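Below is one structure, written out as structure tokens; comments come after it.
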Amino acid sequence: MPRKIDIPVSKNFNTAKNYIKFILIITTLIIIGRLFYLQVVNYNLYDEMAKNNCLRLIGIRPARGEILTSDNYIIASNEPSFTLYFTRSIKTDPKEIYLLSNILKEPKEKIDKKIDSISYFSTQVLANNISHDQVFEILSHKDILKNVDVEIEPKRVYLGNPYIYAPVVGYIQEANEEDIKNGALPGSYVGQMGVEKLFNKQLEGTWGYKEVERNVSGTTVKILGQQNPKKGENIRLTINYKAQQIAYDALGNYKGAVVILRNNGDVLALVSKPSFNPNDFVNGISEQEWEQLQKGDKISLFNRAVQGAYPPGSTIKPFLIFAALQKGIITPDTYLYCPYEIKIGTYTFKDWKPGGFGKINLYTALAGSSDVFMYQIGMKLGIKTIDEYLQKFGFGKSVGLFGYESKGIIASPQYKYKMFHTPWYLGDTITSAIGQAYTLVTPLQLAVAFSVIANDGIAYKPRLSYIEPKTILYDIKNGKKDFEIIKNALELTVSSPIGTAHNAFIPNLTICGKTGTAQVITSKQLDSLLVQNNWDLNKIRKYLPQAWFASFAPKHHPQVIMVVFLEHGYDSHYAAAVSKKIYESLLKEHIIEPNK
């Protein structure tokens, strides 16, 4: 039988065995604890993560409300487009980002930044308005692009010739960081200007969603639930499309603006040239296109009708004549001697008419636009009273149509000192009386001011949509008699052969109006430039005077108030001629009716 041999076990061996047993026990406890942590303590978290590996909640973009004109033209609508959505997982495959960068033709860093802005397991828009070719590329690489979905969604489209109405309608753009901070969803579109911005909340609608189940390859296998989006409200504008097109066409090659208001404040037309194509912003504009917009030669975002503030020239005169009547400084029977020039100290102030006007009353002064008559009125009124009455007509205040209009400037000693640190002189008052010097107005402000005259003291706040209430903006009481005197004088400006706007005369429509020519440089400087350039106006366009014609018609029960502004238009006769074209076309289209 085999012999049993006893082998002595060292103390160190027993110690090692006990250590190994201890390690095994500790490891087992850790594993049990980890399983307890995963399956009990953090069950909800990891259950959610497991679900998110196969479930996706995808937003459904609402269609923006349509924008219609008062004569039922749809000018902003929607059409189908492709939107790329991305669902962010715990770790995004670098291959997926690289492929998306190539397909979308965007830098990898830009894709990374967009994905980083998405919360884990959330789905957001990564790219709007992708092309058919890009959709094909995405579907062809679905094995890599597992976190990507392509949806057919509504895309904003501006119909017809959008240059005609772009300054009114504005444009939309994908939400930027500031928009998102203000509550906009990433990838959504937000109105940036015009009606699109003014009524963005009404137009944008409510997002919907759908919950889908996907397999491991990223393919959707089942729609588990869906909440349909709600389309935005349609907005009907007070703008008349035909009137808008008439005004746009009448401007021709001029840079400038046309504002046409109904006597109740409804904006019938608001045109600014040059304009832009709002469709360009839907797909995103290039840096080169943005630079062209900023340059503003052929296309421009600058709305001259509400943002441009210019010297009003002689269009300011009716308001000062009204002030003089109210203060008892003159009556219709007051005659003032008006030579070609007057001297104040060492300065000479000239009239535009060689030889002067002689002895005239306010009717001839307004119809013929006498400067010397107004110099005398300005000195009698004083700058304080001039400012007081200009404020009554709304100058120096925002009209509040869009919220980004210029307030303009009312000339005053305070303004001059603030800007130039020089005192106010009598000569400043004299030049302010003919709309030169420091006073600046917008075409819309001037239209509202003329509506006060047309309505015997009342101006309604301009509105662009019928959802806005009619509200009185200005109300000058106890002036009806004096407003009638002003109307009679403004009628002569057009109907009388001595009127500066006689070229706007239309036999069956009584137009009351006032021309204005505001110098950019002195007459002497301009004459020199004209001679040097052989009277080629285009070569010295930026030095030419601003040209205005403000009017309303008919005289009794006015249907429209109109302001035509030609930037560097040289002479107000040209502005009056443009106005005549517009009036004739409005009559032809029965947008306004002739005298009754």
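Model, not experiment: these values are computed from the prediction.
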(message) In this structure, is the centre-to-centre distance between the rings of Y404 and F402 below 6.0 Å?
(response) yes
(message) Are I60 and W207 packed together at the side-chain level, in the sense that at least one heavy-atom pair is separated by less than 4.5 angstrom?
(response) no
(message) Is it the case that atom OH in Y85 sees more than 12 heavy atoms from other parts of the structure closer than 6.0 Å?
(response) yes
(message) Run the ring pair (Phe, Tyr, Trp, His ring centres under 6.0 Å) test against F483 and tell me which residues pass, sequence neighbours left out.
(response) F322
(message) Just so I know, are the side chains of K596 and H556 near enough to count as touching, which here means a heavy-atom distance under 4.5 Å?
(response) no
(message) Under 3.5 Å, is there a donor on one side chain and an acceptor on the other for N240 and R262?
(response) no
(message) Can you tell me which residue among L159, I74, I75 is in a side chain to side chain contact (heavy atoms under 4.5 Å, CB included) with I67?
(response) I75
(request) Would you check, one step at a time, whether the test side-chain contact (heavy atoms from CB on, under 4.5 Å) holds for K397 with V399? (result) CA-CA 6 Å; K397 305 173 189 175; V399 173; over 6 Å; no
(request) Using a 4.5 Å cut-off on heavy atoms from C-beta on, say whether the side chain of Q192 contacts that of I172. (result) no
(message) Could you check whether N72 and R236, counting side-chain N and O atoms only, form a donor-acceptor pair closer than 3.5 Å?
(response) yes
(request) Using distance alone, with no hydrogens and no angle criterion, decide if D482 and Q326 have a side-chain donor and acceptor under 3.5 Å apart. (result) yes
(message) Atom CG of residue position N478 - does it have more than 12 heavy atoms of other residues, nucleotides or ligands inside 6.0 Å?
(response) no
(message) Please report the interatomic distance CZ(F199) to CG(L237), rounded to the nearest 0.5 Å.
(response) 7.5 Å
(request) Determine whether more than 12 heavy atoms belonging to other residues, nucleotides or ligands lie under 6.0 Å from atom CG of N182. (result) yes
(request) Check the pair N200, R64 against side chain to side chain donor-acceptor pair (under 3.5 Å), reporting the backbone distance first and the verdict last. (result) CA-CA 9 Å; N200 186 68; R64 277 181 84 84; 3.1 Å; yes
(message) side-chain contact (heavy atoms from CB on, under 4.5 Å), that's the test. Do L203 and E233 meet it? Break it down for me.
(response) CA-CA 5 Å; L203 289 165; E233 296 177 33; over 6 Å; no
(request) Could you tell me whether the side chain of N455 and the main chain of N263 form a donor-acceptor pair under 3.5 Å? (result) yes
(request) Taking atom OH of Y248 as the centre, report whether more than 12 heavy atoms of other residues, nucleotides or ligands fall under 6.0 Å from it. (result) yes
(message) Can you confirm whether more than 12 heavy atoms, excluding those of E79, are under 6.0 Å from its CD atom?
(response) yes
(message) Using a strict threshold of under 4.0 Å (side-chain N to carboxylate O), is an ion pair present between R463 and E468?
(response) no
(message) Taking NZ in K581 as the centre, count heavy atoms belonging to other residues, nucleotides or ligands within less than 6.0 Å. Is the count above 12?
(response) no
(message) Between F450 and F319, is the ring centroid distance below 6.0 Å?
(response) yes
(message) Is the shortest side-chain heavy-atom distance between Y165 and P167 below 4.5 Å?
(response) no
(message) In the structure I gave you, are the side-chain heavy atoms of T123 and Y209 within less than 4.5 Å of one another anywhere?
(response) no
(message) Can you tell me how far apart CD (Q202) and OG (S465) are? Round to the nearest 0.5 Å.
(response) 8.0 Å
(message) Taking the six-membered ring for Trp, are Y310 and F565 closer than 6.0 Å centroid to centroid?
(response) yes
(message) As an exercise, state the distance from CG of N488 to CD1 of I486, rounded to the nearest 0.5 Å.
(response) 9.5 Å
(request) Please determine, by modelled atom types, if S406 and Q307 share a side-chain donor-acceptor pair under 3.5 angstrom. (result) no
(request) Measure the CG-CG distance between L566 and D571 for me, rounded to the nearest 0.5 Å. (result) 10.0 Å
(request) May I ask you to check whether H132 and F82 place their ring centres under 6.0 Å from each other? (result) yes
(request) Would you check, one step at a time, whether the test side-chain contact (heavy atoms from CB on, under 4.5 Å) holds for N279 with V157? (result) CA-CA 6 Å; N279 286 310; V157 59; 4.0 Å; yes
(message) Using a 3.5 Å distance criterion without hydrogens, assess whether the side chain of T442 forms a donor-acceptor pair with backbone atoms of A309.
(response) no
(message) Does either side chain, that of Y73 or that of Q245, offer a donor lying less than 3.5 Å from an acceptor on the other one?
(response) no
(message) Between D179 and K181, does any NZ, NE, NH1 or NH2 come within less than 4.0 Å of an OD or OE carboxylate oxygen?
(response) no
(message) Can you list everything that forms a side chain to side chain donor-acceptor pair (under 3.5 Å) with K392? Sequence neighbours excluded, please.
(response) none
(message) Quick one about T517 and S572 (side-chain donor to acceptor, distance below 3.5 Å, no hydrogens or angles considered), yes or no?
(response) yes
(request) Might you work through the side-chain contact (heavy atoms from CB on, under 4.5 Å) test for I239 and L464, ending with a clear yes or no? (result) CA-CA 7 Å; I239 295 289; L464 285 164; 4.3 Å; yes
(message) Looking at E151 and K210, is there a salt bridge between them, counting it only when a charged N and a carboxylate O are closer than 4.0 Å?
(response) yes
(request) May I ask you to check whether S369 and S314 show a side-chain donor-acceptor distance below 3.5 Å? (result) yes
(message) Before you tell me yes or no, could you show the steps for N128 and R61 under side chain to side chain donor-acceptor pair (under 3.5 Å), namely the whole-Å CA-CA distance, both residues' side-chain angles and the distance that decides it to 0.1 Å?
(response) CA-CA 11 Å; N128 286 300; R61 188 193 306 277; 2.3 Å; yes
(request) Decide yes or no for I260 and Y583: does some side-chain heavy atom of the first lie under 4.5 Å from some side-chain heavy atom of the second? (result) no
(message) Can you confirm whether the side chains of Q391 and Y474 place a donor and an acceptor under 3.5 Å from each other?
(response) no
(request) Answer yes when K242 and D71 have at least one side-chain N-carboxylate O distance shorter than 4.0 Å, and no when they do not. (result) no
(message) Whether K273 and E567 form a salt bridge (side-chain N of Lys/Arg under 4.0 Å from carboxylate O of Asp/Glu) is what I want to check.
(response) no
(message) Once rounded to the nearest 0.5 Å, what's the spacing between atom CG of L440 and atom CD1 of I410?
(response) 11.0 Å
(request) Check the side chains of N176 and E174 for a donor-acceptor pair under 3.5 angstrom, ignoring hydrogens and angles. (result) no
(message) I'd like to know if D456 and K487 make a salt bridge, using a cut-off of under 4.0 Å between side-chain N and carboxylate O.
(response) yes
